[in-house]
Amino acid sequence: MNNIYKLILGGLLLGATSCKKELAGINKNPNATENPQPDYLLTAAEKLTSDAYWGVDNNLNSSLLFIQHWAKIQYTDPDRYIFNNSSFTSLWKALYGQSITDLNKVISIGSQQQNNNYKGVALALRSWTFQILTDAYGDIPYKQAGNIDSFLTPAYDPQRDVYLGLLSDLKTAQTLLDPSGPAIQGDPIYSGKIANWKKFVNSLRLRIALRIADQEPTLAKQVLTDIQGEGGSYFTSNADLAALVYQDSPNQNPVSLTFDTRQDYRISKTIVDRLAALNDPRLPIYAQPTDDAPHGYVGVPNGLLTGDANNLGLSRTSRPGDYFRAPTHQP
């Protein structure tokens with residue numbers, strides 16, 4: 001009888017192993033590439049991260065309303081600080097679910113191909129991505145993030161640890177990047193110019209130093225000392241900026257894409273009144289004259305109920321300026 005039980009148990013274990021192998025094969029996406037190319041992954045990560053950073057959740061429905069540069073004339077809840085649990089999830093999902101995953105893969109491929117410039121650029125972009133996340137959410141998964149095989153539910157790290165970890169990552173990226181090293185492709189931001197990426201890395205280190213300066217003044221000063229000691233350069237003019245130059249539809253900038261189908265946003269009365277009082281020449285850049293006569297710059301007060309905002313009229317209030325809504329605008 002014991003032998004019968006052993007045979008049954010052995011059969012069950014063998015069947016389970018066989019099922020597991022079959023399920024692994026069934027769940028494999030036949031359309032997925034076996035050997036992703038780093039240039040395609042890099043392009044996707046740069047575009048996706050820029051889109052998420054300048055998109056609705058992180059920009060139009062939050063930051064621009066908080067500082068009262070823009071206002072809402074329809075569906076005004078975000079302008080009244082009325083949010084729900086899904087209000088800020090798209091930034092989280094895009095950056096963790098795609099950007100960091102793609103950049104980790106570029107780092108891995110760079111190691112396999114012995115191309116430190118791919119590794120350095122991807123590490124720099126990943127650091128920027130984590131900086132966006134911790135600026136927005138505070139404590140975030142960092143050390144265990146992007147490694148789903150080992151950490152299905154990665155631990156949250158304190159924001160201090162994230163900032164200090166990013167400073168270390170950026171220092172590593174700086175040593176990896178070599179203008180005389182192997183070329184990289186798929187870089188719409190700097191077209192593979194490694195000297196520009198080295199400036200980007202140091203400038204991001206300086207930004208993080210400013211983030212921690214009030215709480216960690218000694219560490220912030222050390223960042224400056226390190227950069228000076230390395231003889232590194234950083235942004236000194238607008239020509240150095242890391243800018244993704246958008247194209248016409250369907251690859252236009254996220255603000256243009258939003259205004260293609262919606263008219264929810266107007267320039268805020270706060271900034272219009274302030275610029276007008278100062279006779280500031282930037283007013284025609286920030287705002288577009290009203291469609292209805294008398295044509296002028298009319299801002300919408302922040303925090304209105306939807307009905308009160310609607311009553312102001314789309315054609316009698318100013319949209320954000322053409323500069324921001326142009327498809328090819330580079331934020």
Side-chain angles (χ1 to χ4, degrees), residues 50-95 132-138 207 210-211 214 243 246 249 252-331:
S50 297
D51 285 353
Y53 182 63
W54 293 106
V56 173
D57 280 1
N58 193 55
N59 195 23
L60 310 191
N61 262 0
S62 54
S63 304
L64 287 170
L65 303 180
F66 299 159
I67 62 176
Q68 297 191 8
H69 282 192
W70 286 19
K72 293 212 72 176
I73 197 166
Q74 300 185 98
Y75 310 107
T76 62
D77 278 1
D79 209 1
R80 298 166 57 221
Y81 299 96
I82 299 174
F83 300 104
N84 56 49
N85 289 339
S86 63
S87 293
F88 302 103
T89 58
S90 66
L91 182 71
W92 182 279
K93 290 177 180 177
L95 299 192
I132 294 170
L133 286 164
T134 194
D135 282 357
Y137 301 106
R207 173 187 284 182
L210 288 174
R211 295 284 196 273
D214 288 342
Y246 284 91
S249 179
Q252 74 264 52
N253 85 74
V255 177
S256 172
L257 180 63
T258 299
F259 275 90
D260 272 355
T261 57
R262 305 200 63 85
Q263 292 292 327
D264 295 2
Y265 304 94
R266 287 294 183 267
I267 201 74
S268 170
K269 185 176 186 299
T270 302
I271 194 170
V272 168
D273 290 354
R274 185 61 176 166
L275 293 177
L278 295 172
N279 198 25
D280 195 309
R282 292 174 295 178
L283 180 55
I285 306 298
Y286 274 96
Q288 181 176 343
T290 58
D291 292 336
D292 284 358
H295 303 292
Y297 300 105
V298 179
V300 170
N302 291 88
L304 295 180
L305 295 171
T306 296
D308 294 335
N310 289 167
N311 289 337
L312 295 175
L314 295 174
S315 62
R316 299 191 301 274
T317 52
S318 293
R319 288 188 292 269
D322 290 338
Y323 174 79
F324 300 100
R325 295 182 292 105
T328 56
H329 170 60
Q330 53 184 54

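If you're wondering where the values come from, they're calculated on a predicted model, not measured in any experiment.
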Could you tell me the separation between the CG atom of Leu283 and the CD1 atom of Ile267, rounded to the nearest 0.5 Å?
8.0 Å
What's the spacing between Ser62 OG and Ile67 CD1 if we round to 0.5 Å?
9.5 Å
Hey, is Arg274 close enough to Asp280 for a salt bridge, meaning N to O under 4.0 Å?
no
Checking the side chain of Asn253 only, and the main-chain atoms of Ala326 only, is there a donor and an acceptor separated by less than 3.5 Å?
yes
With distance as the sole test, does Ser318 use its side chain to make a donor-acceptor pair with the main-chain N or O of Gly299 at under 3.5 Å?
no
Without swapping roles, check the side chain of Asn302 against the backbone of Trp70 for a donor-acceptor pair under 3.5 Å.
yes
Please find the pair of heavy atoms, one from Pro301 and one from Ala71, that lie closest to each other, and give the distance.
O-CB, 4.3 Å
Quick one: pull up OG1 in Thr270 and CD in Gln68 and give me the separation to the nearest 0.5 Å.
3.5 Å
How many angstroms lie between OG1 in Thr290 and CD in Gln288, if you round to the nearest 0.5 Å?
9.0 Å
Using the rule side-chain contact (heavy atoms from CB on, under 4.5 Å), only one of Leu65, Val300, Thr306 pairs with Lys72; which is it?
Leu65
Residue pair His69, Phe324: steps toward the side chain to side chain contact (heavy atoms under 4.5 Å, CB included) verdict:
CA-CA 12 Å; His69 282 192; Phe324 300 100; over 6 Å; no
If you measure from CG on Asn310 to CD1 on Ile73, what distance do you get to the nearest 0.5 Å?
7.0 Å
Taking atom types as modelled, is there a side-chain donor on Ser86 or Asn84 under 3.5 Å from an acceptor on the other?
yes
Donor-acceptor pair, Asn58 side chain versus Leu91 backbone, under 3.5 Å?
no
Is it the case that the side chain of Asn61 and the backbone of Asp57 share a donor-acceptor pair, with hydrogens and angles ignored and the cut-off at 3.5 Å?
no
Any donor-acceptor pair under 3.5 Å linking the side-chain atoms of Asp51 with those of Tyr246?
yes
Could you tell me whether a side-chain N or O of Thr76 sits under 3.5 Å from a main-chain N or O of Leu304, the two making a donor and an acceptor?
yes
Kindly give the heavy-atom pair with the smallest separation between Trp54 and Val255, and that separation in Å.
O-CG2, 4.4 Å
If only atom types and distance count, is the side chain of Tyr297 paired as donor or acceptor with the main-chain N or O of Tyr286 below 3.5 Å?
no
Drop me the distance from Tyr53's OH to Asp135's CG, to the nearest 0.5 angstrom.
8.0 Å
In terms of heavy-atom contacts, does CZ of Phe83 have more than 12 from other residues, nucleotides or ligands at under 6.0 Å?
yes
Using atom types as modelled and distance alone, determine if a side-chain donor or acceptor of Arg80 lies under 3.5 Å from a backbone N or O of Leu305.
no
Would you mind checking if Arg319 and Asp291 are paired as a salt bridge, meaning a charged N to carboxylate O distance below 4.0 Å?
yes
Under 3.5 Å donor-acceptor, Arg316 side chain and Asp292 backbone:
no
